[in-house]
Protein chains: 2
Amino acid sequence: MNTQEINNWQAVHEEVRRRIHARDWKPGDLIPNEADLAREFGCARATVNRALRTLADAGLLDRRRKAGTRVALHPVGKAVLDIPVIRQEIEGCGMAYSYVMLDRITEPAATSQQARLRIRAETPLLHVTALHLADGRPYVLEDRWIDIAVVPDATNAPFDTTSANEWLLAQAPYTHGDIAFSAVALPEMAALALKARPAAAAFRIERNTWDNDRAVTAVDLYFAPGYRMQTQL
Amino acid sequence: MNTQEINNWQAVHEEVRRRIHARDWKPGDLIPNEADLAREFGCARATVNRALRTLADAGLLDRRRKAGTRVALHPVGKAVLDIPVIRQEIEGCGMAYSYVMLDRITEPAATSQQARLRIRAETPLLHVTALHLADGRPYVLEDRWIDIAVVPDATNAPFDTTSANEWLLAQAPYTHGDIAFSAVALPEMAALALKARPAAAAFRIERNTWDNDRAVTAVDLYFAPGYRMQTQL
DNA sequence: CAGTGGTCTAGACCACGAT
DNA sequence: TCGTGGTCTAGACCACTGA
């Protein structure tokens with residue numbers, strides 16, 4: 001008999017995890033339904049539901065109405081990445097943050113940006129290039145395009161002391177976005193700014209944000225060589 | 001007056017999102033407490049709780065007992081990455097999956113692996129190197145170390161047709177892990193296997209998995225140049 | 001101390017979907 | 001069709017934490 005009562009959802013969560021881990025319930029197995037588990041654990045069905053739903057969100061269980069709950073065949077690892085404001089990421093590591101704007105011009109969209117933001121060729125974009133530094137050393141190069149038709153206030157923002165990164169978060173609402181991670185050989189200009197060897201392998205993040213199908217901004221972040229993005233599973 | 005009733009947690013979720021987006025509630029603002037919102041929306045407090053808790057998980061709200069709920073100052077973007085089995089990632093793209101084992105030896109842990117897995121120097125590890133291909137083209141190189149003291153069955157697994165990637169998921173339970181993403185210049189041997197230029201920029205994933213503080217396995221994945229890992233925000 | 005979020009309960013109804 | 005998960009409700013108690 002158990003020395004601990006299982007009467008809260010975290011305890012149920014833990015116990016179910018334990019049974020999966022101990023292979024009492026193997027991948028593909030059907031596990032008892034919520035009502036039966038609630039009876040077994042001596043708690044309400046809603047409590048079991050919360051625990052199982054959380055485990056399903058984490059990818060350990062597959063749940064389908066009528067078909068019941070099964071242990072996932074392929075425990076899909078879901079990594080939750082926090083994408084913080086760059087300033088906070090740096091300060092969070094105990095380093096001093098500084099910022100330099102390198103360039104700021106308004107120009108018609110290049111073909112690559114047209115495709116990315118799904119805009120017409122003649123659309124004018126505000127193009128801002130800036131460098132974020134940690135303890136005085138180049139950390140990441142920010143190459144950003146802003147649709148000034150969607151964010152007119154950006155025209156008046158200097159971006160000389162506050163990065164476009166932070167300004168947009170505070171000023172421009174968005175509904176959704178997409179993000180991509182890749183490795184690229186540093187373009188020559190980026191290498192120059194980051195004080196790295198040209199064509200060095202750099203971690204790149206491309207992000208686009210949208211406000212109800214109107215593109216707000218697109219940004220490329222080139223991290224200085226050696227950058228690692230980490231998380232727990 | 002609203003044409004839609006707000007009587008389920010998703011509707012509450014959406015309405016609160018809308019108010020944040022419309023800047024009715026600005027970053028840093030205190031929003032009404034759960035009981036008041038429940039009264040306003042005409043639903044139970046538990047329903048409001050579920051909606052607000054979900055928004056807090058997504059990083060849009062900051063909640064603290066007694067202090068109340070505030071709109072997050074820095075809407076931390078949380079990207080949820082699915083880390084699928086490599087076979088599924090390739091087949092999911094509609095490409096043909098194939099697999100080749102390149103090497104398989106048992107050797108004492110190198111210093112780099114000792115630190116990573118927190119094991120003693122003399123610990124023998126099974127070292128498996130393999131290539132995953134999509135439509136016959138090199139996709140990712142898998143460089144893996146397995147602690148055969150923790151997973152003794154691995155000694156008998158040939159890994160010639162089933163990748164260590166899949167075998168371990170099915171056979172070796174784990175409790176947690178960590179994962180890191182970075183960009184590296186391809187080591188010469190990896191470049192050879194991937195048929196890429198040596199020192200080309202490659203996307204690398206390093207993953208370690210643990211079973212209650214015993215290291216199960218460590219793996220480095222070197223993706224062929226051009227690989228992008230994408231998700232929605 | 002007192003206000004707020006966090007959770008549990010028992011019961012109810014509904015939506016989906018396998019058979 | 002009908003079993004299963006998904007959700008809502010009204011009420012209750014508790015845990016944390018700011019004042």
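The structure presented is a predicted model; accordingly, all values stated were derived computationally and were not measured. Letters go in sequence order (proteins before strands), and every chain restarts at 1.
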Self-check item: Main-chain N/O of A:Thr175 paired with B:Arg17 side-chain donor or acceptor, under 3.5 Å
Solution: yes

Quiz item: Between A:Glu142 and A:Tyr222, is any side-chain donor less than 3.5 angstrom from a side-chain acceptor?
Solution: no

Exercise. Using distance alone, with no hydrogens and no angle criterion, decide if A:Asp178 and A:Trp210 have a side-chain donor and acceptor under 3.5 Å apart.
Key: yes

Quiz item: Can you check the A:Trp9 CH2 to D:dG5 P distance for me, whole Å?
Solution: 18 Å

Exercise. Identify, residue by residue, the members of residues 28-36 of chain A with a heavy atom below 4.0 Å from DNA chain D, and return them in order of residue number, or none.
Key: A:Asn33, A:Glu34

Quiz prompt | Nearest-nucleotide comparison on DNA chain C, the residue closer to the 5′ end among B:Leu52 and B:Ala46 | solution = B:Leu52

Exercise. Check the angle between the aromatic planes of A:Tyr97 and A:Tyr99 and answer parallel, tilted or perpendicular using the 30° and 60° thresholds.
Key: parallel

Quiz item: Given atom CD of A:Gln10 and atom C1' of D:dA15, what is their separation to the nearest angstrom?
Solution: 13 Å

Self-check item: Distance-only donor-acceptor check, side chains B:His176 and A:Gln232, under 3.5 Å
Solution: no

Quiz item: On DNA chain C, which is the earliest and which the latest nucleotide, 5' to 3', with an atom closer than 4.0 Å to a heavy atom of chain A?
Solution: C:dT7 to C:dA18

Self-check item: Along DNA chain C (nearest heavy atom to each residue), the more 5'-positioned of A:Lys66 and A:Ala44
Solution: A:Ala44

Practice problem: Please state how far atom CG in A:Asp62 lies from atom P in D:dT4, giving the value in whole angstrom units. | Solution: 17 Å

Quiz prompt | Ion pair check, B:Glu206 and B:Arg144, cut-off under 4.0 Å | solution = no

Quiz item: Where does the angle between the aromatic ring planes of B:Tyr227 and B:Phe203 fall among parallel (under 30°), tilted (30 to 60°) and perpendicular (over 60°)?
Solution: tilted

Quiz item: How is A:Arg64 classified with respect to the nucleic acid when contacts are heavy atoms under 4.0 Å: base, sugar-phosphate, or nothing?
Solution: sugar-phosphate

Practice problem: Could you tell me whether A:Asn49 contacts a base, only the sugar-phosphate backbone, or nothing, with contacts defined as non-hydrogen atoms closer than 4.0 Å? | Solution: base

Quiz item: Within the distance-only criterion (no hydrogens, no angle test), does the side chain of B:Asn33 pair as donor or acceptor with the backbone N or O of B:Ala35 below 3.5 angstrom?
Solution: yes

